[in-house]
Amino acid sequence: MTLATLACASGVGLFQTAGPDELAAQLANRVAAALNTALAERGVASLALSGGRSPEPFLRHLATLPLDWARIRVTLVDERWVPVEHPDSNAGLLRRCLPQALETAQWMPLYQGISPQADAEQVDLHLAGWLPLDVVVLGMGNDGHTASLFPGMPGLAQALAVDAPQLCLAIPAQAGRAERLSLSGRALRTAGLQLLAISGDDKRRTLIRALESRDAGLPISAFLAPPLDIYYSPPG
Ligand SMILES: O=C(O)[C@H](O)[C@@H](O)[C@H](O)[C@H](O)COP(=O)(O)O
């Protein structure tokens with residue numbers, strides 16, 4: 001079945017664009033609109049962003065939109081356990097592409113430099129006061145991971161649960177992958193607006209497989225229900 005048919009059957013929205021640049025613009029406008037609605041209703045808004053390679057055009061577009069960042073709480077859905085200066089840092093990605101997030105917004109880094117476990121506990125304490133998050137922007141790997149919740153990781157089902165015991169978890173290093181920090185299903189799946197942004201055929205095939213099979217071994221499967229909206233574009 002097609003992505004559109006499967007998304008409709010799952011009750012999730014699907015926004016398909018001609019390419020990654022149009023996806024970036026549409027996603028940025030959608031996030032800004034949701035943040036402005038939260039600001040109008042409650043005077044404060046909260047946003048959790050993904051890192052990796054794909055979000056750069058989206059982040060740079062979001063940076064051009066008029067938002068009252070001083071009233072917006074910003075964090076990450078996950079982080080590699082490295083300082084912001086490190087080339088792999090997701091906070092570093094934000095600092096380059098959306099400097100308002102670190103300079104003007106109420107910024108909550110995941111990496112604090114104590115230890116992965118201690119940092120996760122610190123985030124747990126502070127993030128609790130932000131819940132439910134207004135907007136979460138997720139990416140996905142070809143293996144179906146999202147945030148830093150990976151297939152086969154110990155405790156995956158509990159980490160993905162909407163009633164996960166922690167809000168933030170320390171993710172042990174794996175072959176070729178550094179230690180990370182990740183928000184859990186309790187932080188991510190309780191958000192008012194959950195957006196998944198992917199581009200390319202490999203990720204489209206993985207998403208179709210998850211929509212068809214609901215395979216619990218694919219972490220993204222846990223998110224494929226309202227209020228998720230999917231933004232998809234063919235490769236650039
Ligand atoms: O820290 C990270 O890498 C992200 O938060 C991660 O969950 C990302 O969304 C996927 O790995 C897709 O990454 P790409 O956009 O680089 O394909």
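As the structure lists them, so they are numbered: ligands from 1, and atoms in each ligand from 1. Just so you know, residue 1 is the first one in the sequence shown, and it goes up from there.
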Residue and atom name of the nearest protein heavy atom (relative to atom 16 (O) of ligand 1), distance in Å to one decimal:
Arg53 N, 2.7 Å
I need the Ser221 OG to Leu211 CG distance, nearest 0.5 Å.
8.0 Å
Specify the protein heavy atom at minimum distance from atom 3 (O) of ligand 1: its residue, its atom name, and the distance to 0.1 Å.
Arg80 NH2, 2.8 Å
For atom 8 (C) of ligand 1, closest protein heavy-atom neighbour
Gly51 O, 4.0 Å
What are the atoms of ligand 1, with element, lying closer than 4.0 Å to any heavy atom of Gly52?
2 (C), 3 (O), 16 (O)
Just need the protein heavy atom nearest to atom 15 (O) of ligand 1, so name the residue and atom and give the distance.
Ser54 OG, 2.5 Å
Heavy atoms of Pro227 and Ala191 approach each other most closely as CG-O, 3.7 Å
With a 4.0 Å heavy-atom cut-off (strictly under), which part of Asn90 contacts ligand 1: side chain, backbone, both or neither?
side chain
For Lys203 and ligand 1, answer yes if some heavy atom of the residue is under 4.0 Å from a ligand atom, otherwise no.
yes
Heavy-atom check, side chain of Trp130 versus side chain of Val74, under 4.5 Å:
no
State, with a plain yes or no, whether a side-chain heavy atom of Gln158 is found less than 4.5 Å away from one of Pro165.
yes
Looking only at protein heavy atoms, identify the closest one to atom 9 (O) of ligand 1 and say how far it is in Å.
Gly139 CA, 3.3 Å
Nearest protein heavy atom with distance in Å, relative to atom 10 (C) of ligand 1:
His145 NE2, 3.4 Å
Find all atoms of ligand 1 within a distance of less than 4.0 Å from any non-hydrogen atom belonging to Asp78, and give their numbers and elements.
1 (O), 2 (C), 4 (C), 5 (O), 6 (C), 7 (O)
Working to the nearest 0.5 Å, report the span between CG of Leu228 and CG of Leu138.
7.0 Å
Taking the six-membered ring of Phe150 as reference, does the cationic atom of Arg177 (NZ for Lys, CZ for Arg) lie under 6.0 Å from its centre and within 45° of its axis?
yes
for atom 12 (C) of ligand 1, nearest protein heavy atom and its distance come out as Met140 O, 3.4 Å
Select one of side chain, backbone, both or neither to describe which atoms of Ala147 lie under 4.0 Å from any atom of ligand 1, heavy atoms only.
backbone
Apply side chain to side chain contact (heavy atoms under 4.5 Å, CB included) to residues Leu196 and Phe223 and explain how you reach the verdict.
CA-CA 9 Å; Leu196 171 63; Phe223 292 82; over 6 Å; no
Leu98 and Leu49, any side-chain heavy atoms less than 4.5 Å apart:
yes
